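Just so we're clear, the structure is a prediction, and the values are computed from it rather than from any experiment.
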Amino acid sequence: MNMKLYRTSLLLFLLVYSFTAHSQDNPIDSVQKILKTVQKKLGNKNIPGLKNGIPGLNTYVPGLGDSIKNFTQQRLNDVFENLNKGLSAAKAMGDIKKLQGGYYELTKLDSTKGNFKQAYEHYKLYTLYRDSLQKQEVEKRQLQAKMQYEFDKKQAIAKAEQAKKDAEQKRIKNIQYFTIAGLAFLLLAILLFAHIQWRNNKQKKKANALLQQQNKKVEETLTELKSTQSQLIQAEKMASLGELTAGIAHEIQNPLNFVNNFSEVNTELIAELTNELSTGNKEEAISIAKDIKENEEKINHHGKRADAIVKGMLQHSRANRGQKELTDINALADEYLRLSYHGIRAKDKNFNVALQTDFDESIGKINIVPQDIGRVLLNLYNNAFYAVNEKKNNYQPLKGGKEYLPGVTVSTKSVKSPSGGLGVELTVKDNGNGIPQKVLDKIFQPFFTTKPTGEGTGLGLSLSYDIVKAHGGGIKVETKEGEGTEFIINLPINN
């Protein structure tokens, strides 16, 4: 590489350093601008650093492109840190204007880094503080207008009183002058009052127009949020439906497999029976006939199992859904536990977990909407299975320690409800990783999830909370990080 090109590259690095150290623009954009300037200077139309990014400068000065890239990234991090410090100071001082500007800059920085989710959150905060500033400005203008009106009014009254005094003095000397002065003052007062009213009405119209514009923006934003929420809720419903369907298919498949297998065996036995009868072997034929009868009984038993599963699903999907009815909570909890487990198994054949149930048989039937409570149970079961499976996949036992055995326990018992009547306490417990304390207060918030992107919408526990509350009950969580989580649902028996 000749000395001229080396000096040019070194000059480029110094320009980048100077520009990124003082420019308020995006540092990476600034580097690209300087690169284009140097391209024109060198007369080179194919400098790799201009087309493929800063690392292309390595062709001319080894390590220069990477150094500039790392430097500009560090500058971004420094700007990001300074902005956060500035925002903390602005929050402490209650400086809304600085908060608005700070969050706007954070939005641009997050967009530059590709962190669009965080950019969207910062943009919402920016619009919030921007609207707050606009509201304060409107209120300030209205207050100034009111104070100006009061001042003008007092001034007009003072002038009127002085005019009356002057008129009284002049009245002694010349009644004609008094009359003219009185009429002139009256006309002036009318014009002044009309002017004040006109100005106030104009300011009020401007304020109302601005307020209507802001309300329109708020309504549009609210409409978009409601639309997004509806789409996410629908996605959550479809996900729950898919898991439930997989469980139902697995439940029906078991008895159908028995029916098919015993039917095939009977076909072979009937052929053997025919053969034995044709040869006159009566004893063997009788033995085969007994086997056929036993197989037919098994076919009948498993056929009724499949029929019971289908009838149960039809009962849950009948037209009067949404209405409360007397339901066996123990049977409902056990049914959805099996459906959830088989739904997970249908997607992951290697998934295994020890299931335990402890149902209080004295509870009897309670008045609930079975489809809604079933959905709550399905969400809790799916979360429990997800937690134990995650712990199993990442579990590394200590030397000589015990292997981790995933387990989920479901129990019910009769208790007193908060209102004083009888109620039911339903518990879903797992021995997974537990919930971190720092996010424990957020788990029932809409769209909050600890699962990776694409594996959860964050609506399961939020909807479960709303459903339980609608039944007059409550839901709480007890957890210990690293040991497991326990969800406790309380429902009144009759409500």
Side-chain angles (χ1 to χ4, degrees), residues 236-258 301-348 351-386 388 406-414 423-430 460-461 463-464 467-468 471 473 475 487-491 493:
E236 181 71 18
K237 288 181 178 179
M238 294 304 296
S240 298
L241 179 61
E243 293 171 352
L244 186 61
T245 303
I248 294 170
H250 194 279
E251 282 288 298
I252 295 177
Q253 188 64 42
N254 283 338
L256 288 180
N257 286 339
F258 279 108
H301 169 73
H302 291 291
K304 288 181 178 179
R305 273 188 61 198
D307 181 64
I309 293 171
V310 173
K311 286 182 178 178
M313 292 304 101
L314 291 175
Q315 182 180 8
H316 283 302
S317 62
R318 62 182 183 272
N320 63 344
R321 65 175 55 194
Q323 296 181 0
K324 291 182 178 180
E325 58 184 78
L326 292 176
T327 305
D328 187 340
I329 188 65
N330 292 335
L332 188 71
D334 185 64
E335 176 186 357
Y336 276 91
L337 178 63
R338 289 184 289 104
L339 291 177
S340 177
Y341 176 70
H342 290 311
I344 301 294
R345 286 274 298 170
K347 294 186 291 186
D348 184 2
F351 176 76
N352 283 296
V353 61
L355 300 178
Q356 293 184 0
T357 58
D358 183 14
F359 297 135
D360 185 352
E361 300 297 338
S362 66
I363 294 175
K365 294 185 177 182
I366 64 174
N367 194 27
I368 58 173
V369 181
Q371 297 85 2
D372 290 347
I373 297 300
R375 186 176 181 190
V376 172
L377 293 172
L378 193 63
N379 281 325
L380 296 182
Y381 294 154
N382 289 342
N383 287 343
F385 291 145
Y386 179 86
V388 297
V408 173
T409 303
V410 182
S411 63
T412 60
K413 66 179 180 179
S414 180
V424 176
E425 183 179 279
L426 191 149
T427 303
V428 179
K429 183 178 181 181
D430 66 72
L461 288 178
L463 293 175
S464 298
I467 290 172
V468 173
H471 279 75
I475 181 171
F487 281 91
I488 303 169
I489 301 174
N490 285 286
L491 294 170
I493 290 180

Given L491 and L426, is the side chain to side chain contact (heavy atoms under 4.5 Å, CB included) satisfied, shown in steps?
CA-CA 8 Å; L491 294 170; L426 191 149; over 6 Å; no
N383 and L461: side chain to side chain contact (heavy atoms under 4.5 Å, CB included), yes or no, with the steps?
CA-CA 9 Å; N383 287 343; L461 288 178; 3.8 Å; yes
What's the spacing between [X] [atom1] and [Y] [atom2] if we round to 0.5 Å?
X: Y341; Y: N352; atom1: OH; atom2: CG; value: 4.5 Å
X: K413; Y: S362; atom1: NZ; atom2: OG; value: 12.0 Å
X: I488; Y: N490; atom1: CD1; atom2: CG; value: 7.5 Å
X: D328; Y: F359; atom1: CG; atom2: CZ; value: 9.5 Å
X: D358; Y: T409; atom1: CG; atom2: OG1; value: 9.0 Å
X: D372; Y: L463; atom1: CG; atom2: CG; value: 10.0 Å

Please confirm whether the backbone N or O of R338 pairs with a side-chain atom of S340, one donor and one acceptor, at under 3.5 Å?
no
Do side-chain atoms of H471 reach the backbone of I373 as a donor and acceptor pair under 3.5 angstrom?
no
Minimum side-chain heavy-atom gap N367-I493 below 4.5 Å
no
What closest approach, in Å, do [X] and [Y] show between heavy atoms, and which atom pair accounts for it?
X: A384; Y: V408; value: CB-CG2, 4.1 Å
X: T412; Y: N330; value: OG1-OD1, 2.7 Å
X: P370; Y: E325; value: CD-CG, 3.7 Å
X: V388; Y: G407; value: CG1-O, 3.9 Å

Side-chain donor-acceptor pair present, D360, S414, cut-off under 3.5 Å:
no
As a test of understanding, state which of D334, I366, I489 forms a side-chain contact (heavy atoms from CB on, under 4.5 Å) with I329.
I366
Quick check on the 6.0 Å ring-centre criterion: do Y336 and Y381 meet it?
no
Below 30° counts as parallel, above 60° as perpendicular, anything between as tilted: where do the rings of F351 and F385 land?
perpendicular
